[in-house]
Chemist: 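Sharing a structure below in structure tokens format, with a few things to ask.
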Amino acid sequence: MSEKLVDLTDEDFDEKINSSKLPYLIDFYSNSCPPCLVLNPILKNLSQILNGKIIVGKLDVEQNTKTTSKHMIRSIPCMILFINGKEKDRLIGFHPKEKIREFLERYL
């Protein structure tokens with residue numbers, strides 16, 4: 001199982017989200033955000049646990065302002081769950097692994 005999270009950009013965001021048959025959890029983050037950095041290994045672990053059920057991606061809000069603005073990201077970390085290319089739900093702020101897993105399993 002891979003620990004790699006999918007890095008997304010303004011250029012490939014819509015294509016990857018819309019073409020995926022699996023739900024996509026996107027972490028909107030910044031490297032200058034301490035809670036975002038703590039969240040990273042949690043998301044890697046969840047991507048392993050839920051391998052084959054969901055794809056976990058990351059989008060740097062400072063480098064990808066078009067997508068950040070389009071999805072009205074006002075606070076980070078912000079995790080948005082996309083199903084069939086459409087936003088289904090979001091979690092704003094830092095949450096422990098168990099809460100994120102419960103959030104995801106409602107839709108899987």
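Since we're looking at a predicted model, the values are computed, not measured.
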Chemist: What distance do Thr68 atom OG1 and Gln63 atom CD have between them, rounded to the nearest 0.5 Å?
Modeler: 10.0 Å

Chemist: Atom CG in Leu43, atom CD1 in Ile100: separation rounded to 0.5 Å?
Modeler: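 These two atoms lie 5.5 Å from each other.
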
Chemist: Any Lys/Arg nitrogen of Asp14 or Lys70 sitting under 4.0 Å from an Asp/Glu carboxylate oxygen of the other?
Modeler: yes

Chemist: Regarding Lys58 and Asp27, does a basic nitrogen lie under 4.0 Å from an acidic carboxylate oxygen?
Modeler: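 Result for this pair is yes, salt bridge flagged.
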
Chemist: Specify the closest pair of heavy atoms between Pro77 and Cys33, including all atoms of both residues, with the distance to one decimal.
Modeler: CD-SG, 4.0 Å

Chemist: Which heavy atom in Cys78 sits nearest to a heavy atom in Ile92, and how many Å separate them?
Modeler: SG-CG1, 4.0 Å

Chemist: Is the Phe82 ring parallel, tilted or perpendicular to the His71 ring (thresholds 30°, 60°)?
Modeler: perpendicular

Chemist: A side-chain contact here means heavy atoms from C-beta on lying under 4.5 Å apart; do Tyr29 and Leu39 qualify?
Modeler: no

Chemist: Should Phe94 and Ile26 be counted in the same cluster of Ile, Leu, Val, Met, Phe, Trp and Tyr side chains packed under 4.5 Å apart?
Modeler: no

Chemist: How many angstroms lie between OG in Ser47 and CG in Leu5, if you round to the nearest 0.5 Å?
Modeler: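 Answer for the OG-CG pair, Ser47 versus Leu5, is 5.0 Å.
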
Chemist: Would a 4.5 Å heavy-atom cut-off, applied to side chains only, mark Leu81 and Glu87 as touching?
Modeler: no

Chemist: Test side-chain contact (heavy atoms from CB on, under 4.5 Å) on Glu98 and Ile42; report intermediate values, then the result.
Modeler: CA-CA 10 Å; Glu98 297 77 25; Ile42 293 170; over 6 Å; no

Chemist: Below 4.5 Å, heavy atoms only, C-beta onward: do Glu105 and Lys53 meet side chain to side chain?
Modeler: no

Chemist: Any link between Leu46 and Ile54 through a network of hydrophobic side chains (Ile, Leu, Val, Met, Phe, Trp, Tyr) touching at under 4.5 Å?
Modeler: yes

Chemist: Taking atom CG of Asn84 as the centre, report whether more than 12 heavy atoms of other residues, nucleotides or ligands fall under 6.0 Å from it.
Modeler: no

Chemist: Assigning hydrophobic clusters by single linkage (Ile, Leu, Val, Met, Phe, Trp, Tyr; side-chain heavy-atom cutoff under 4.5 Å), is Leu37 placed with Ile76?
Modeler: no

Chemist: Taking side chain as C-beta onward, heavy atoms only, is Asp10 less than 4.5 Å from Thr67?
Modeler: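 In short, these two side chains touch, coming nearer than 4.5 Å.
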
Chemist: Can you tell if the side chain of Ile83 reaches within under 4.5 Å of the side chain of Tyr107, non-hydrogen atoms only?
Modeler: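 Sidechains of Tyr107 and Ile83: in contact.
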
Chemist: Using side-chain heavy atoms (C-beta onward) and a distance below 4.5 Å, is Ile55 in contact with Leu25?
Modeler: no

Chemist: Please report the interatomic distance CG(Leu104) to CE(Met79), rounded to the nearest 0.5 Å.
Modeler: 8.5 Å

Chemist: Cut-off 3.5 Å, side chains only: do Asp12 and Thr9 have a donor facing an acceptor?
Modeler: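 Per modelled atom types, Asp12 and Thr9 side chains form a pair under 3.5 Å.
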
Chemist: Roughly how far apart are Ile73 CD1 and Thr65 OG1, rounded to 0.5 Å?
Modeler: 12.5 Å

Chemist: Ile80, Ile17: one ILVMFWY side-chain cluster at the under-4.5 Å cut-off?
Modeler: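 The answer is yes; both residues are in one hydrophobic cluster.
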
Chemist: Taking everything shown except Glu15 itself, do over 12 heavy atoms lie less than 6.0 Å from its CD?
Modeler: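 Incorrect, the count does not exceed 12.
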
Chemist: Honestly curious: do Tyr24 and Leu91 fall in one hydrophobic cluster under the side-chain, below-4.5 Å linking rule?
Modeler: no

Chemist: Start with the C-alpha gap between Ser32 and Glu62, add the side-chain angles, then the distance that decides, and say whether side-chain hydrogen bond (donor to acceptor under 3.5 Å, both in side chains) holds.
Modeler: CA-CA 9 Å; Ser32 62; Glu62 293 175 5; 3.0 Å; yes

Chemist: Do the charged groups of Arg106 and Glu102 touch, with an N to O distance under 4.0 Å?
Modeler: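 The answer is no: the pair does not qualify as a salt bridge.
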
Chemist: Just so I know, are the side chains of Leu108 and Pro23 near enough to count as touching, which here means a heavy-atom distance under 4.5 Å?
Modeler: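 Side chain of Leu108 against side chain of Pro23, heavy atoms only: contact under 4.5 Å found.
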
Chemist: Determine whether Phe28 and Asp60 make a side-chain contact, defined as any pair of heavy atoms from C-beta on separated by less than 4.5 Å.
Modeler: no

